Amino acid sequence: QVQLVESGGGLVQAGGSLRLSCAASGRTFSSYTMGWFRQAPGKEREFVATINWSGGSTYYADSVKGRFTISRDNTKNTVYLQMNSLKPDDTAVYYCAGRQRGLVTTYVYDYDYWGQGTQVTVSS
């Protein structure tokens with residue numbers, strides 16, 4: 001069992017930056033594919049970014065490509081999402097997710113573990 005705890009959300013003006021962190025419990029974190037998803041009010045949860053176990057493979061949604069960067073530190077059992085040039089459309093609850101087996105994926109149902117979410121609000 002893995003527990004994921006997100007932090008780093010908050011209120012920021014458009015054009016600003018935030019860095020989200022997701023701390024994982026458990027000794028097998030380093031073998032997990034990790035992902036970030038987000039959900040805005042009244043909308044479905046959508047894929048943002050994913051990273052494989054080593055950090056050597058990443059993939060982004062088109063809407064965040066070039067602005068967001070996913071990374072991980074397996075020595076700290078933590079995955080990060082650096083968000084730059086934020087836009088009001090980025091406003092959502094951001095969720096960290098872990099996939100026990102398999103390659104990077106954008107599909108929400110491929111992930112086995114989820115955090116509780118952290119709110120990101122971007123004002124115009």
Side-chain angles (χ1 to χ4, degrees):
Q1 186 75 11
V2 172
Q3 290 188 326
L4 305 174
V5 179
E6 302 97 334
S7 61
L11 173 64
V12 65
Q13 288 188 331
S17 298
L18 282 174
R19 188 175 83 154
L20 305 183
S21 299
C22 173
S25 64
R27 293 175 290 178
T28 57
F29 169 81
S30 61
S31 66
Y32 281 44
T33 287
M34 299 298 295
W36 286 96
F37 290 76
R38 65 187 182 186
Q39 188 166 17
K43 294 188 177 182
E44 292 187 353
R45 193 167 297 188
E46 66 173 4
F47 166 76
V48 175
T50 182
I51 188 167
N52 76 331
W53 68 274
S54 69
S57 179
T58 58
Y59 188 76
Y60 299 90
D62 287 343
S63 59
V64 307
K65 201 173 295 183
R67 300 188 298 122
F68 291 10
T69 302
I70 189 171
S71 62
R72 67 190 296 162
D73 186 340
N74 287 341
T75 66
K76 297 181 179 179
N77 279 14
T78 302
V79 62
Y80 304 97
L81 186 68
Q82 177 67 43
M83 305 186 295
N84 299 329
S85 302
L86 283 161
K87 306 174 182 179
D89 284 348
D90 294 319
T91 296
V93 176
Y94 282 70
Y95 297 91
C96 172
R99 187 183 192 201
Q100 193 168 1
R101 293 181 181 86
L103 302 176
V104 294
T105 175
T106 65
Y107 191 47
V108 64
Y109 294 107
D110 283 339
Y111 289 83
D112 305 298
Y113 303 103
W114 292 86
Q116 82 290 349
T118 185
Q119 177 70 47
V120 171
T121 303
V122 184
S123 63
S124 56

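From a predicted model like this one, the values you see are computed outputs, not experimental measurements.
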With a cut-off of 3.5 Å and sequence neighbours excluded, list every side-chain donor-acceptor pair involving residues 117-124.
{"residue": "T118", "atom": "OG1", "partner": "G9", "partner atom": "N", "Å": "3.2"}
{"residue": "Q119", "atom": "NE2", "partner": "A92", "partner atom": "O", "Å": "3.4"}
{"residue": "Q119", "atom": "NE2", "partner": "T121", "partner atom": "OG1", "Å": "3.3"}

same_hphob_cluster([X], [Y]) at 4.5 Å side-chain heavy-atom cutoff:
| X | Y | result |
| --- | --- | --- |
| I51 | V64 | yes |
| V93 | M83 | no |
| L20 | M34 | yes |
| L4 | V79 | yes |

Query raised in the report: Under 6.0 Å from the six-membered ring centre of Y107 and within 45° of its axis: does the NZ or CZ of R99 meet both?
Result: no

Report task. Just say parallel, tilted or perpendicular for the rings of F68 and Y94, cut-offs at 30° and 60°. Result -> tilted

Assess whether atom [atom1] of [X] is packed by more than 12 heavy atoms of other residues, nucleotides or ligands within 6.0 Å.
| X | atom1 | value |
| --- | --- | --- |
| K43 | NZ | no |
| Q116 | CD | yes |
| W114 | CH2 | yes |

Requested in this report: Could you list who else is in V5's hydrophobic cluster, with ILVMFWY side chains joined at under 4.5 Å, directly or through other members?
Outcome: none

So, for [X] and [Y], which heavy atoms are closest and what is the spacing to 0.1 Å?
| X | Y | answer |
| --- | --- | --- |
| A24 | V2 | CB-CG1, 4.2 Å |
| S31 | T28 | OG-O, 2.8 Å |
| L81 | A49 | CD1-CB, 4.2 Å |

As an exercise, state the distance from [atom1] of [X] to [atom2] of [Y], rounded to the nearest 0.5 Å.
| X | Y | atom1 | atom2 | value |
| --- | --- | --- | --- | --- |
| S57 | L103 | OG | CG | 8.0 Å |
| R67 | L86 | CZ | CG | 6.5 Å |
| W36 | F47 | CH2 | CZ | 13.0 Å |
| D90 | R38 | CG | CZ | 5.0 Å |
| Y59 | N52 | OH | CG | 15.0 Å |

Query raised in the report: Of Y111, F37, Y60, which meets side chain to side chain contact (heavy atoms under 4.5 Å, CB included) against T50?
Result: Y111

Query raised in the report: Could you give all pairs that pass the side chain to side chain donor-acceptor pair (under 3.5 Å) test and reach residues 75-86, with sequence neighbours left out?
Result: S17-N84, D73-T75, Q82-N84

Query raised in the report: Do you see a donor-acceptor pair shorter than 3.5 Å between the side chains of S25 and Y113?
Result: no

Query raised in the report: Would you find a donor on one side and an acceptor on the other, under 3.5 Å apart, between the side chain of N74 and the backbone of S54?
Result: no

Query raised in the report: Taking R72 for the side chain and T33 for the main chain, is one N or O donor matched with an acceptor at less than 3.5 Å?
Result: no

Requested in this report: State which residues pass salt bridge (Lys or Arg N to Asp or Glu O under 4.0 Å) with R45; sequence neighbours excluded, sorted by chain then number.
Outcome: none

Query raised in the report: According to the disulfide bond (SG atoms under 2.5 Å apart) rule, which pairs have a member within residues 90-124, sequence neighbours left out?
Result: C22-C96

Report summary line: residues 49-81 vs disulfide bond (SG atoms under 2.5 Å apart), sequence neighbours excluded, gives none

